Structure formats: structure tokens, C-alpha cells
Asks: 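Sharing a structure with you now.
The sequence lines fix the lettering, A, B, ..., with proteins before strands; numbering per chain opens at 1. This structure is a prediction, so every number in the text was calculated from the model and none was measured.
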2 protein chains.
Amino acid sequence: MKSISSPTIGSDESKCLHCAIRDSALFAGLEELGFRHIHQPIETVILAPRAFLYRAQERRDTLFTLRSGAMKLVQYLPDGSQRIVRLLRDSDALGLETLVRQPYQHDAIALTDCDICAIPADVIDELGREQPRIYQALMARWQQALNEADAWLTQFTTGTARQRVARLLLRLACPASDHRLRLFGREDMAAMVGLTTETVSRTIAELRRQGLLRDQDAHLQNCDQETLRRIADGEE
Amino acid sequence: MKSISSPTIGSDESKCLHCAIRDSALFAGLEELGFRHIHQPIETVILAPRAFLYRAQERRDTLFTLRSGAMKLVQYLPDGSQRIVRLLRDSDALGLETLVRQPYQHDAIALTDCDICAIPADVIDELGREQPRIYQALMARWQQALNEADAWLTQFTTGTARQRVARLLLRLACPASDHRLRLFGREDMAAMVGLTTETVSRTIAELRRQGLLRDQDAHLQNCDQETLRRIADGEE
DNA sequence: CGATATTTTGAACTCGATCAATTGTGGTGG
DNA sequence: CCACCACAATTGATCGAGTTCAAAATATCG
């Protein structure tokens, strides 16, 4: 158990407006209604790495949008081992389950500094009554989560260690379309691909030796996406 | 590639009414509106084992409810190997993605004889306009699928072969709360837990030797759920 | 700069994969 | 009804990728 850096909470409309622009799918309705008609506060949460946004089984009736940063959703097994079930990034939604009155299903933990938008479930309900078409957007979010979950399963539970790590690197690289790549701790990476930290370490070391990864900074790398993709698909 | 037994299609209101009772969450709205106000037909589909309900990438704008039987959702990897991503049973929904205008994301294949309810996406849209609270039910379905996907990941991609098979058997046993258990083909079971057919076969053989499974019929078994659960959790 | 945590590397071992051969099970037509 | 065939399940023997346990090297932070 690590100590938890307490989250910074504040209300900040201007940021949420900005959020609304980038994330027009979910907040198109919000813009039209205008924030003044909403009587519950939409808050901003700032998290440091390793901080929890929420924990499994908790009930807080709040829906979140990740404005910037990266988070992991973790599930635990009876034997205590953990498995990372999903990786969330810019403009992904967290805690959708609260909209169907379920407690949170995972621990949500920050991997980097995170800037998060916290929306009370009641606000969404309210909004849904006046603007039913936001349900279309919400369903799209759910489907996105489901696609992610399925992709996660097929990509990170099949094939050799080499393949899985290559796939993970590609996924981590993809947001920055230039070949930069931010790595996470080995333990996290291991929990994502279902391997041990040692195996992940060895595999990455080998990729480096082959010149497919080149250090740029402490946790920043340049990568050869072409050949990584070939490795991911089992050729070579 | 196997030959496909062509699905039997028919329109049958009485069965759908029956369906509405059992599956009140999704069709509560339908009951109120009455079927006569729906201008698109709700059809019944009968599938034999190994038959496809739909294929990945296909677009048919139809949502399905599994009235009885068992189906698998399959995803394929670039190297051609397949992985079963979810198992669907009585009153589960299939093809939700069609409601957000996405093509189907998996191959949906019958494992047993199946009785299926096919609802055009337009009907849901129509319904949503007059009866917005059905969205609550739809979101619940989505969340259910997501919970299933996450559970699938943590249960069937971690632990020893023994544990995984035990967990699978428990899941297959759970609908019939008495200790009966219907097994599927080894190949399917292997694709569910991410092992080879040989390993699954060996593991089941061993469980039988230990008296935790006892044959009753060709594919029917009696099982000792208590000790299976202990194995699943890694004790012993 | 020392102390703790994380990563890397090494060596032995193990579980499940793989390859191959045998047995069992429907299903079909004679 | 049985003989036959194609296919699924079982069993055996071997092999190897990844785990495990342990130690060294490196990074992180007060």
C-alpha cells in the first residue's frame, strides 16, 4: 500500500468549456443548455501519478472525463495479483457504470499527471431529459470502452512475449504520431500484457539491442514502428 | 471453413411477447407501446450449432436478443488464430454496436441450438423517441457486456491451466444451479481460456480422476462446485 | 551523498506447447 | 444393424518460452 497524494479539486468553468470543444460528442448538449442551467457543480480534479481517482466497489455517482494524462483501470484476483484491464487517455470517459447505478468496477489510478473533469450523474440525467440525443453520445462511449476491452483481450493475452510487448509499445506510441514513445514502469507494463516484470525488461532490452528503440530521455524513446508492427503480427 | 446451415427466419409475435416478460428490462417500453405501432418486423431466428448469426465488419442494423441457447463472440488475430471474447446465454443482447452505427465487431456463432429475437435498429430509435427511459435499459445492457468482458479477461488469462479450467467449468455450471454442467467442444473451451485443446483435455481428465466431475450423459457432467471454487482461487 | 526502490541480468526449473500416435464417437450408406 | 469413415478427444514424450529466485546495477529522492 502506497500513500495516496490527495487529489486537488476545484471548480473551473472555463476549462470545462474548453473540454466541451475538444470532446464535442459528449458535451454538445451541454453547450446548448449552457452551464448556468445546471445546478450541480462540474468540478476539476488534478491527480499526481499513483493517485487513485476512485476505488472498486465505491459509490460516488460521478462520471469522469480525462482531459489530459493517462490512467489505468485495475482489477484484482482472489490471490491478490492484479491485472490492468484498460488504459485511458485524453478525452476518454471513466466511471460510466455510475450512470446505471452500479458501484465502480475497478480501481482507477493515475499513471501520469492527470487533469480530470468530474460530472455528477444527476447532471447527465437532467441533461438526458431535455436533450435525449446525448444518449447517442453516451452509447458511443460505452461501445468505445467495449471495443477497447476486446482489443485488449486479443492483443495482450495471445502470442509470444515479444509480440505482446511490441503491441504494447505500438499502442503507447500511437497518440504521438511522430515516433516518440513514453514508457511506463515495468511493473505496470507487465500487468498490462500478462507477463512478469523480468520478462518485459528482458524483451525491451533485446529490442533496444536490435536498435528498434533508442533512448531520448529517461522514459522517452524513439521507436521503429514499421518493424515493431511486423513483430506484433508474428512475422520474424 | 465449415458449411453454414442457413438460419430459419420467421415472424412470431407471441414469442416476442413471451420474450418481453422474461426480459422486462429491455422491453418494458415495447409492451406499453404495443407491437402494432411498430412498423418494422421483429423476427425470430433459429440457429443450429456452428451457424453464424453475423460476421465481423458486416452491417445489418439489427439488434439481437438470445431467447435461449448459447453463442460465442469470436475475434481473429492477424496470424489467423482465434480467441473467444465472450459467451452469451439466455436473454443476453448481441450486436448492440449497431445502435451506434458501427459494423459488428465479432463473428457471432451458435454453440447450441439457439432461439433469437432480431430487432431492427430503427425500432429502437423510434422507441427511444417516445420512451426515452429505454436508454437506461440499453445502457445497463452495455455495462453488463463490459462487466462480462472485464471478468473474462481477469478470469481466463491469469493463473494456471487448472485454475482457468476450473473457473470456466464454474461459469458453465452457474445457470443450472443444481450441479449439472454442459461441456462444449474442447476446441471452443481452449479458445475461451487461452490454452491448447490438449491441455484442456488433460486438465479435465485429471479433474475427472479426482472425482470432481462425473459423467451423466454424453456432454453432461455432475461437478463438485465447492472444491472447484477452491481450485479456481488458487488454493490447492 | 547515502538509502530505498526499480530495473537489469543470470541460472535453474516448470508448466504448458508441440508433435505424434491412439482411442473414441457419431453419422452415413450398404 | 453393422461396417466404415471422418472427426474429436485422449494420451504420451519431448521441447522451449517464460517463470522463479537471487544477485548486481542503476535510478530516484530526500
Side-chain angles (χ1 to χ4, degrees), chain A residues 1-3 5 48-50 77 79-83 111-113 156-169 182-210 213 215-221 231 234 236, chain B residues 1-3 5 48-50 77 79-83 111-113 156-169 182-210 213 215-221 231 234 236:
Chain A
M1 274 287 163
K2 299 286 159 53
S3 72
S5 66
R50 295 170 163 270
L77 293 145
D79 70 359
S81 63
Q82 65 175 264
R83 175 92 212 219
L111 289 171
T112 68
D113 289 293
F156 298 143
T157 70
T158 41
T160 68
R162 214 172 143 67
Q163 286 178 297
R164 296 190 199 184
V165 171
R167 290 178 193 145
L168 179 58
L169 294 181
R182 184 193 165 70
L183 295 187
F184 296 116
R186 298 286 174 273
E187 193 159 358
D188 282 327
M189 296 180 72
M192 293 181 203
V193 294
L195 299 169
T196 56
T197 59
E198 292 96 325
T199 303
V200 172
S201 178
R202 274 186 251 271
T203 308
I204 288 181
E206 195 193 329
L207 292 177
R208 258 208 286 269
R209 257 174 256 130
Q210 302 180 350
L213 290 177
D215 316 34
Q216 183 166 343
D217 198 344
H219 293 216
L220 278 158
Q221 306 269 329
I231 294 172
E236 154 178 14
Chain B
M1 274 288 161
K2 300 286 160 52
S3 73
S5 66
R50 295 169 164 270
L77 292 146
D79 70 359
S81 63
Q82 65 174 263
R83 175 93 211 219
L111 288 171
T112 66
D113 289 293
F156 297 145
T157 70
T158 39
T160 67
R162 216 172 141 68
Q163 286 179 295
R164 297 190 199 185
V165 171
R167 291 178 192 145
L168 179 59
L169 294 180
R182 182 193 167 69
L183 295 187
F184 296 117
R186 297 288 173 271
E187 193 158 358
D188 281 327
M189 296 179 73
M192 293 182 203
V193 293
L195 299 169
T196 56
T197 58
E198 292 95 324
T199 301
V200 172
S201 180
R202 272 186 254 271
T203 307
I204 289 181
E206 195 194 327
L207 292 176
R208 257 207 287 266
R209 257 174 256 130
Q210 302 180 351
L213 290 178
D215 318 35
Q216 182 164 343
D217 198 344
H219 293 218
L220 277 159
Q221 305 269 329
I231 294 173
E236 151 179 18

Asks: Rounded to whole Å, please give me the gap between CG in B/L213 and C1' in D/dT10.
Replies: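 Atom-to-atom, B/L213 to D/dT10, this comes out as 15 Å.
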Asks: Enter the inter-axis angle for the ends of the helix from C/dC1-D/dG30 to C/dG30-D/dC1 (five pairs per end, rounded to 10°).
Replies: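 It works out to 50° between the end axes.
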Asks: Output the rounded distance in Å from CD (A/E187) to P (C/dT8).
Replies: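 Result: 13 Å.
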Asks: Is any side-chain heavy atom of B/P49 closer than 4.5 Å to a side-chain heavy atom of B/L111?
Replies: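 The answer is no; the side chains never approach within 4.5 Å.
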Asks: Under 4.0 Å, heavy atoms only, any strand: does A/R208 hit a base, just the sugar-phosphate, or nothing?
Replies: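 The residue A/R208 makes sugar-phosphate contact but no base contact.
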Asks: Do A/V200 and A/L168 have side-chain heavy atoms sitting under 4.5 Å apart?
Replies: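 They are not in contact (no side-chain heavy atoms under 4.5 Å apart), so the answer is no.
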Asks: Strictly under 4.0 angstrom, non-hydrogen atoms only: write out the protein contact profile of nucleotides 18-30 of chain D, one letter per nucleotide from the 5' end, B, S or -.
Replies: SBBB------S--
Asks: For A/A191, which residues count as a side-chain contact (heavy atoms from CB on, under 4.5 Å) partner, sequence neighbours excluded?
Replies: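 Result, side-chain contact (heavy atoms from CB on, under 4.5 Å) vs A/A191: A/I84.
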Asks: Side chain to side chain donor-acceptor pair (under 3.5 Å) with B/T112: which residues, sequence neighbours excluded?
Replies: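 Counting only residues at least two positions away or on another chain, B/T112 forms no side chain to side chain donor-acceptor pair (under 3.5 Å).
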Asks: My understanding is that only residues two or more places apart in sequence, or in another chain, count here; which of them pass side chain to side chain donor-acceptor pair (under 3.5 Å) with A/E187?
Replies: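 With sequence neighbours excluded, A/E187 shows a side chain to side chain donor-acceptor pair (under 3.5 Å) to no residue whatsoever.
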Asks: Round to a whole Å and report the spacing from CG of B/L183 to C1' of D/dA9.
Replies: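 Whole-Å distance recorded here is 12 Å.
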Asks: In whole angstroms, how far is the P atom of C/dC15 from the CD atom of B/E206?
Replies: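 B/E206 atom CD is separated from C/dC15 atom P by 11 Å.
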Asks: Figure out the CZ/C1' separation between B/F184 and D/dA9, and round it to whole Å.
Replies: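 Taking atom C1' of D/dA9 as the reference, CZ of B/F184 is at 17 Å.
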Asks: Please name all residues satisfying side chain to side chain donor-acceptor pair (under 3.5 Å) with B/D215, sequence neighbours left out, ordered by chain then number.
Replies: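 Here no residue qualifies.
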Asks: Partners of B/T157 by side chain to side chain donor-acceptor pair (under 3.5 Å), sequence neighbours excluded?
Replies: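 Scan of B/T157 (side chain to side chain donor-acceptor pair (under 3.5 Å), adjacent residues dropped) gives A/R83.
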Asks: Whole angstroms only, please: what is the CZ-C1' distance between B/R209 and D/dA9?
Replies: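 The answer, rounded to whole Å, is 13 Å.
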Asks: Looking only at the side chain of A/R186 (C-beta and beyond, no hydrogens), which of the listed nucleotides D/dA8, C/dT9, C/dT7 gets closest?
Replies: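 Minimum distance to the A/R186 side chain belongs to C/dT7.
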Asks: In whole angstrom, give the distance that lies between atom CZ of A/R164 and atom P of D/dA17.
Replies: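 These atoms are roughly 14 Å apart.
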Asks: For residues 160-167 of chain A, dump all side-chain donor-acceptor pairs below 3.5 Å to protein atoms at least two apart in sequence or in another chain.
Replies:
from	atom 1	to	atom 2	distance (Å)
A/T160	OG1	A/R162	N	3.4
A/T160	OG1	A/Q163	N	3.1
A/R162	NH1	A/E206	OE2	3.3
A/R162	NH2	A/Q210	OE1	3.1
A/Q163	OE1	A/T160	N	2.9
A/R164	NE	A/G159	O	3.2
A/R164	NH1	A/V193	O	2.9
A/R167	NE	A/A232	O	3.2
A/R167	NH1	A/Q155	O	2.7
A/R167	NH1	A/T158	O	2.9
A/R167	NH2	A/A232	O	3.1

Asks: If you take all heavy atoms of B/M189 and B/F184, which pair is closest and at what distance?
Replies: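 Minimum heavy-atom separation between B/M189 and B/F184: SD-O, 3.5 Å.
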Asks: Expressed as a whole number of angstroms, how long is the span from B/D215:CG to C/dG24:P?
Replies: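 Rounded to the whole Å, the gap is 14 Å.
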